[in-house]
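Remarks on the structure that follows.
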Amino acid sequence: MANLGFIGLGMMGSRIARRLLAAGHTVTGYNRTRSKVQSLLEAGLRWADSPRAVAEAADITFSMVSDSAALSLVADGPEGILAGLSTGKLYVDMSTVSPRLVRELADKVVAKGARMLEAPVSGSIPAAESGTLTFFVGGDAEALDRVRPVLETLGQKIVHVGGNGQGVSMKIAINLNLATQLVSLFESLLLAERSGIPRAAALEALLNSVAASPAMKYRAPFIFNLPSEVWFSVEMMQKDLQLALELGRELAVPLPSVAHANEMLTAARALGYGAEDFAALFKVAARMAGVSL
């Protein structure tokens, strides 16, 4: 069994840490708010008072935080992850953040005599709980071989796409499809509804057609029944689209459909839906079409 650390025990991170504990690994953890991880402490999580203390205690340290600013906050400074790394240690970040930040952070990790991988995940809370996540890994192949047995307890697929920064670039390239597909699906739905087809029947038809993807099949029905816990909010989705737009500008790749979806997410925030699941895009589209909710 491995001696692990985990920083960022939110909705996804807490589920991943629980699976690691259930697999018999030693897990030392840190979260900004300790009270939110009481159930993990009862399950055997060892508490540390800082990211540095986690990295000092663990052979392999994982982090999973909300955005680039949050990653910089837990990685840098006298109490950050970097301060706790030393020769032979491995650091794996699972966040969806700026590829440039990941590359810069990886260089700092190497300067400490350690190694870094990024391993952002595809899959939501049910996949984290069932151990069926997919990982897109960037970094050294030998480092991946070292952590692979741990990742295999968490996911069904590990895809090594290249060096540091390329794992998160792949995740961003995938995630930009989610909002753009949903906007298009909702436009189809509203066109059918305006034609006199009941909303539920139109959605059933769309989700059983060639227009449906797996992501649409599980998220579009949220317009009728939102989950009790928000899996992926409007604000988080917009963060990912802004990462895509930044990367597109850097690499000279036009992303017009992403720009449109980003504006729809801005409208959703303006209407007060920022904390809701990004399926709230339907409310924006419906208002624009003059269709009652």
Side-chain angles (χ1 to χ4, degrees), residues 1-85 89-97 105 114 116-135 147 149-155 171 227-233 235-236 239-240 274-277:
M1 294 295 103
N3 177 25
L4 309 176
F6 209 103
I7 296 155
L9 298 165
M11 285 190 297
M12 288 289 287
S14 62
R15 272 112 172 149
I16 292 171
R18 188 174 296 280
R19 282 196 64 86
L20 294 174
L21 289 166
H25 299 296
T26 298
V27 184
T28 302
Y30 170 81
N31 194 60
R32 186 173 56 182
T33 306
R34 177 171 177 162
S35 60
K36 293 184 178 180
V37 300
Q38 184 58 40
S39 65
L40 286 174
L41 294 171
E42 293 169 359
L45 180 79
R46 300 181 181 183
W47 177 258
D49 289 327
S50 68
R52 174 178 180 165
V54 173
E56 288 175 336
D59 297 322
I60 303 173
T61 298
F62 295 89
S63 62
M64 193 173 203
V65 294
S66 59
D67 54 31
S68 297
L71 180 57
S72 294
L73 189 64
V74 299
D76 293 323
E79 295 302 318
I81 295 167
L82 288 167
L85 294 176
K89 290 183 181 285
L90 177 59
Y91 171 42
V92 183
D93 181 59
M94 295 180 167
S95 314
T96 303
V97 294
L105 190 53
M116 179 179 174
L117 298 172
E118 84 260 21
V121 305
S122 180
S124 56
I125 287 172
E129 292 175 339
S130 63
T132 56
L133 294 167
T134 297
F135 296 93
V147 76
V150 177
L151 296 181
E152 286 175 343
T153 69
L154 304 172
K171 175 64 185 303
S228 57
E229 187 173 25
V230 176
W231 297 352
F232 203 167
S233 71
E235 291 171 347
M236 290 298 292
K239 180 264 296 184
D240 284 5
E276 295 186 18
D277 187 275

| query | Which atom pair, heavy atoms only, marks the closest approach of S124 to W231? | reply | OG-CE3, 3.8 Å
| query | Roughly how far, to the nearest 0.5 Å, is the CE atom of M11 from the OG atom of S66? | reply | 10.5 Å
| field | Main-chain N/O of G5 paired with T61 side-chain donor or acceptor, under 3.5 Å | value | no
| query | If every non-hydrogen atom of N3 is compared with every non-hydrogen atom of A57, which pair is closest and at what distance? | reply | ND2-O, 2.8 Å
| query | Pairs in or reaching into residues 70-79: which pass salt bridge (Lys or Arg N to Asp or Glu O under 4.0 Å), with residues at least two apart or in two chains? | reply | D76-K108
| said: Any non-hydrogen side-chain atom of L105 less than 4.5 Å from a side-chain atom of E118? | reply: no
| From CD (E129) to CD1 (I16), nearest 0.5 Å | 11.0 Å
| query | Tell me the side-chain hydrogen bond (donor to acceptor under 3.5 Å, both in side chains) pairs involving residues 18-34, sequence neighbours left out? | reply | R18-S39
| Measuring from M116:CE to L90:CG, what's the distance to the nearest 0.5 Å? | 10.0 Å
| message | Just verifying a value: how many Å separate I81 CD1 and F62 CZ, rounded to the nearest 0.5 Å? | response | 12.0 Å
| query | Are any of the side-chain heavy atoms of I125 and M12 separated by less than 4.5 Å? | reply | yes
| message | If you compare all heavy atoms of S95 against all heavy atoms of P120, which two are closest, and at what distance to 0.1 Å? | response | O-CB, 3.8 Å
| query | Looking at CD1 of I60 and CG of L151, how far apart are the two atoms once the value is rounded to the nearest 0.5 Å? | reply | 8.5 Å
| V121 backbone acceptor or donor facing K171 side chain under 3.5 Å | yes
| Passes side chain to side chain contact (heavy atoms under 4.5 Å, CB included), L9 versus L45? Steps please. | CA-CA 11 Å; L9 298 165; L45 180 79; 3.8 Å; yes
| task | Would you name the heavy atoms of A275 and S233 that are closest together and state the gap between them? | result | O-CB, 3.9 Å
| request: Say whether, by atom type as modelled, one donor and one acceptor occur between the side chain of K89 and the main chain of A55 under 3.5 angstrom. | output: yes
| What are the two closest non-hydrogen atoms of A128 and L133, and how far apart are they? | N-CD2, 3.8 Å
| task | Begin from the C-alpha positions of S14 and F6 and carry the test side chain to side chain contact (heavy atoms under 4.5 Å, CB included) through to its verdict. | result | CA-CA 9 Å; S14 62; F6 209 103; over 6 Å; no
| request: For residues A48 and A53, report the shortest heavy-atom separation together with the two atoms involved. | output: CB-CB, 3.8 Å
| To the nearest 0.5 Å, what is the distance between CZ (R15) and CG (L40)? | 10.0 Å
